[in-house]
K.L.:
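Encoded as structure tokens, here's the structure I'll be asking about.
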Amino acid sequence: MSRTGWDDYDWQLIHDEPQSPVLHMALDEVLMDEAAAGRRAPALRFWEWASSCVVIGRFQSLRNEVDPEGARRHGIEVVRRISGGGAMFNEPGNTITYSVYAPEAIVEGLSFQESYAFMDGWVIEALNDLGIEAWYQPLNDITSPGGKIGGAAQVRRRGAVLHHAMLAYNINADRMTEVLRIGKEKLSDKGTTSAAKRVDPLYSQTGLSREAIVSSMIATFRERHGLVDDAVHRREMDKALDLAESKFTTREWTAIVP
Amino acid sequence: MHGEYKMPGGKLIVADLVVRDGRLAGVSISGDFFLEPDTALGIIDRALEGLPASADKEKMTAALNEALGEGVSMFGISTEAVAVAVERALEDRS
């Protein structure tokens, strides 16, 4: 297998109405599998969130990451995604989340580290176009002089790659620290002890609306790689609803690493 | 017992375990690292389970390497780094 380029594919855009956290988790798994099976063209999906949540990584310990009391108090759902990486606190309107589903050939021959930067090349360009001095910080962070903007994660299976990322648009730092347990060890090499200080969200950097930033990102992708408007297909949605129910709402999955 | 290790240039690795009859038990490794396939996490936990609590880092690393074999991709984590997190858990007196 030799490496393909962005231009070898007819990219589809999915940007649907707000959906629940568990449905987003399920859609990522279904759309990656549909791309792997060749039933869906490579796609870029922007997420809209219907409710607040903490999304923990596939290999994170539920009790080490989340304060259940704080989550309950603020009515925040806890979901586990299929990719590795760290916990993200998300409130509707405060984050920009997207996924790219593609054949694994697009990252063939790249190291993991190279593949992360490669898959987010259009994002760095979009942010630069908005006047934000952003760059890729290995292993999986998008960062800027003022602090981290976001983080990415990948899953590869059956010949497909899922690359998804969450960028901070705005941040409720007090609530975040009541819901997430921020480990001391993790901060030891980051030079600051405040979780809130580590992030410099896009709103404070640009003053732009979230919608304006999302539109600009879509425009950059469209210019760079081509993009045709699409939506989640009926079959895909049926599968995702089933999977949300049978997997992502279950304690077995959410507490798979207790 | 609980130990954490931020792998230089990598991610955080957390080890939770107890020592029973001089051996590691109830081992659970976690963190914000990346593993493919995801079932490799269970292989890691099982490879550590039952090892003598006196095993050094090299012995633990060797046991992990043998159990994982060739087909597992790791990103932001290594078998050596897992062994360091376990060592730190074993030093945990809390």
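Every chain is numbered from 1, with letters handed out A, B, ... down the list of sequences.
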K.L.:
Picking from Ser61(A), Gly85(A), Gly57(A), Gly84(A), which has the most non-hydrogen pairs under 4.5 angstrom with chain B?
P.N.:
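Max contact count across the listed options: Gly85(A).
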
K.L.:
Locate the shortest heavy-atom distance separating Phe59(A) from Leu41(B); write the atom from each residue and the value.
P.N.:
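Answer, listing the atom of Phe59(A) first, then Leu41(B): CD2-CD2, 3.8 Å.
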
K.L.:
Hey, which of Asn140(A), Ile56(A), Ile256(A), Ile82(A) has the most heavy atom pairs under 4.5 Å with chain B?
P.N.:
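Highest number of heavy-atom pairs under 4.5 Å: Asn140(A).
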
K.L.:
Compare every heavy atom of Glu36(B) with every heavy atom of Gln154(A), then report the nearest pair and how far apart it is.
P.N.:
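Residues Gln154(A) and Glu36(B), closest heavy atoms: O-OE2, 3.7 Å.
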
K.L.:
Is the ring centre of Phe34(B) less than 6.0 Å from the ring centre of Phe112(A)?
P.N.:
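No, ring centres 6.0 Å or more apart.
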
K.L.:
Based on non-hydrogen pairs under 4.5 Å, which of Leu35(B), Ile29(B), Val14(B), Asp16(B) is most in contact with chain A?
P.N.:
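Highest number of pairs under 4.5 Å: Leu35(B).
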
K.L.:
Would you name the heavy atoms of Val257(A) and Ser28(B) that are closest together and state the gap between them?
P.N.:
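Scanning both residues completely, I find the closest heavy atoms to be CG1-OG, 4.1 Å.
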
K.L.:
Distance-only, no hydrogens or angles: does the Gln60(A) side chain make a donor-acceptor pair with backbone N or O of Asp32(B) under 3.5 Å?
P.N.:
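No; judged by distance alone, with no hydrogens or angles, the pair does not exist.
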
K.L.:
Asn64(A) and Ser30(B): which non-hydrogen atoms are nearest, and at how many Å?
P.N.:
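The pair with the smallest heavy-atom distance is ND2-OG, 4.0 Å.
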
K.L.:
Report, as yes or no, whether the 6.0 Å neighbourhood of atom CZ on Arg39(A) holds more than 12 heavy atoms from other residues, nucleotides or ligands.
P.N.:
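Yes - once you tally the heavy atoms of other residues, nucleotides and ligands closer than 6.0 Å, there are more than 12.
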
K.L.:
Which bit of Arg157(A) is near chain B, if near means a heavy-atom gap under 4.5 Å: side chain, backbone, both or neither?
P.N.:
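Neither part; nothing is under 4.5 Å.
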
K.L.:
Is the CD atom of Glu58(B) crowded by more than 12 outside heavy atoms at less than 6.0 Å?
P.N.:
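Result for CD/Glu58(B): enclosed.
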
K.L.:
Are Tyr116(A) and Phe75(B) close enough that their ring centers fall under 6.0 Å?
P.N.:
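That pair passes the under 6.0 Å test.
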
